[in-house]
Amino acid sequence: MSTLHAPILDWYAAHQRDLPWRRPEASPWSVMVSEFMLQQTPVSRVLGPHEAWLTRWPTPGALAAEPTGEAVRAWGRLGYPRRALRLHAAATAIVERHGGEVPAAYDDLVALPGVGDYTASAIASFAFGRRHVVLDTNVRRVFARAVSGVEFPTTAPTRAERDLATTLLPEEPAVAAEWAVAVMELGALVCTARSPQCGDCPVREQCTWLRAGQPAYDGPPRRGQAWDGTDRQCRGRLMALLRDDHGAVHASRLVSAWPDAGQRERCLTSLLADGLVVQAGDETYALP
DNA sequence: GAATCGTGGGG
DNA sequence: TCCCCAAGATT
């Protein structure tokens, strides 16, 4: 146990948020749904859809029994709607391969659609108390600062970073799981990307970055995501139109969502390819 | 490894 | 206002 463990675990015990998927009665499915929704989407925007989702589909089997379009519509405006499709596909796979129960083993989890290393580790750790390195953007930032002394981690996790996280992971599975969520919470609430609250940090005395005087980031430029006029914006407009309008929409109505014909057609084609949209009639489209 | 894929809130 | 970015996964 390093000098970081006790302060962070104690801080978590005192300051953790009361989130639905963290409660003792939360099912593995509730944890899994939250992890899908939280991929690139803030907690505050996930709370509502998560509750509605669990009420409507309390089990993987309940979701798998519905058309994929229902999942896409219930996904609402969480963004990246392919996640809704993948969650539905994962639920179907759970019914087929695991008798309708969310598997506890990392290998089984990571084999599910839409589940990568992070999500598999998170579900195994948070829902089943297993011992896994859980490397999300929050954890990576905390370690970058506290241990490595740099403001931001690299674009992708490095081998050295994984080794470090493995070294810091407590041996006892239950403690490891608590440690994983505690470090993540610290990154989310205190050791934030912008304006970190170092004065409130339980490891401010040990933090390499803080002790070095919070040196400014000097790595490769971190590129922001373009948005205006992109296919993503176009796809978003088309999806919003189809989501808000139950039933099929005629092609002529898509023009109002995106005037540029070439880009509109290209995006519609990609949405059809993704399975987010289906052709309902001669020139009408709908959610699947 | 880099590009792609939504959305909305806060600094 | 504008820019950054939020519990990633996939190709």
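Note that these values count all heavy atoms, side chains included, but never hydrogens, waters or copies made by symmetry.
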Can you check whether [X] reaches [Y] side chain to side chain, under 4.5 Å on heavy atoms?
X	Y	result
A:Tyr12	A:Leu186	no
A:Gln206	A:Arg211	no
A:Gln279	A:Thr284	no

Starting at [atom1] of [X] and ending at [atom2] of [N], how long is that distance when rounded to a whole Å?
X	N	atom1	atom2	answer
A:Gln40	C:dC4	CD	C1'	13 Å
A:Ile123	C:dG8	CD1	P	13 Å
A:Trp75	B:dT7	CH2	C1'	12 Å
A:Trp227	B:dG9	CH2	P	14 Å
A:Arg266	B:dC5	CZ	C1'	14 Å
A:Arg232	C:dA9	CZ	C1'	14 Å

Legend entry - Ring-face cation of A:Arg145 near A:Phe152 (centre distance under 6.0 Å, axis angle within 45°):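 Checked: cation-pi criterion met.
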Inset, instruction - Determine yes or no for a side-chain-to-main-chain donor-acceptor pair under 3.5 angstrom, with A:Ser2 supplying the side chain and A:Leu4 the backbone. - result: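 Side chain of A:Ser2 to backbone of A:Leu4, a donor-acceptor pair under 3.5 Å: yes, one is there.
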Legend entry - Short side-chain to backbone donor-acceptor contact, A:His88 and A:Gly69, under 3.5 Å: no
At under 4.0 Å between heavy atoms, what does [X] touch on the DNA or RNA strands: base, sugar-phosphate, or nothing?
X	result
A:Leu87	nothing
A:Thr155	nothing
A:Arg140	nothing
A:Arg17	base
A:Val115	sugar-phosphate
A:Ala122	nothing
A:Gly116	sugar-phosphate
A:Ser34	nothing

For the side chain of [X], counting heavy atoms from C-beta on, which of [options] is nearest?
X	options	answer
A:Arg22	B:dT7, C:dA7, C:dA6	C:dA7
A:Arg235	C:dA9, B:dC5, B:dG11	B:dC5
A:Arg83	C:dA7, C:dC5, B:dG6	B:dG6
A:Tyr80	B:dG6, C:dA7, C:dC5	B:dG6

Inset, instruction - Assess whether one donor atom and one acceptor atom, taken from the side chain of A:Ser44 and the base of B:dG9, lie less than 3.5 Å apart. - result: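 Such a pair does not exist between side chain and base.
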How far, in whole Å, is [M] from [N] if one measures between their [atom1] atoms?
N	M	atom1	answer
C:dT11	B:dG1	C1'	11 Å
C:dA9	B:dG8	P	23 Å
B:dT4	C:dA7	P	23 Å

[N], OP1 or OP2 - any side-chain N/O from [X] closer than 4.0 Å?
X	N	result
A:Arg77	B:dG8	yes
A:Thr41	B:dG6	no
A:Gln39	C:dA7	no

Inset, instruction - On DNA chain C, check which nucleotide each of A:Leu112 and A:Val43 is closest to and give me the residue with the more 5' one. - result: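 So the residue in question is A:Val43.
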Inset, instruction - Starting from the 5' end of DNA chain C, give me the residue, A:Arg45 or A:Val110, whose nearest nucleotide shows up first. - result: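 Upstream on the strand: A:Arg45.
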Inset, instruction - Taking atom types as modelled, find out whether A:Arg222 and A:Thr155 have a side-chain donor-acceptor pair closer than 3.5 angstrom. - result: no
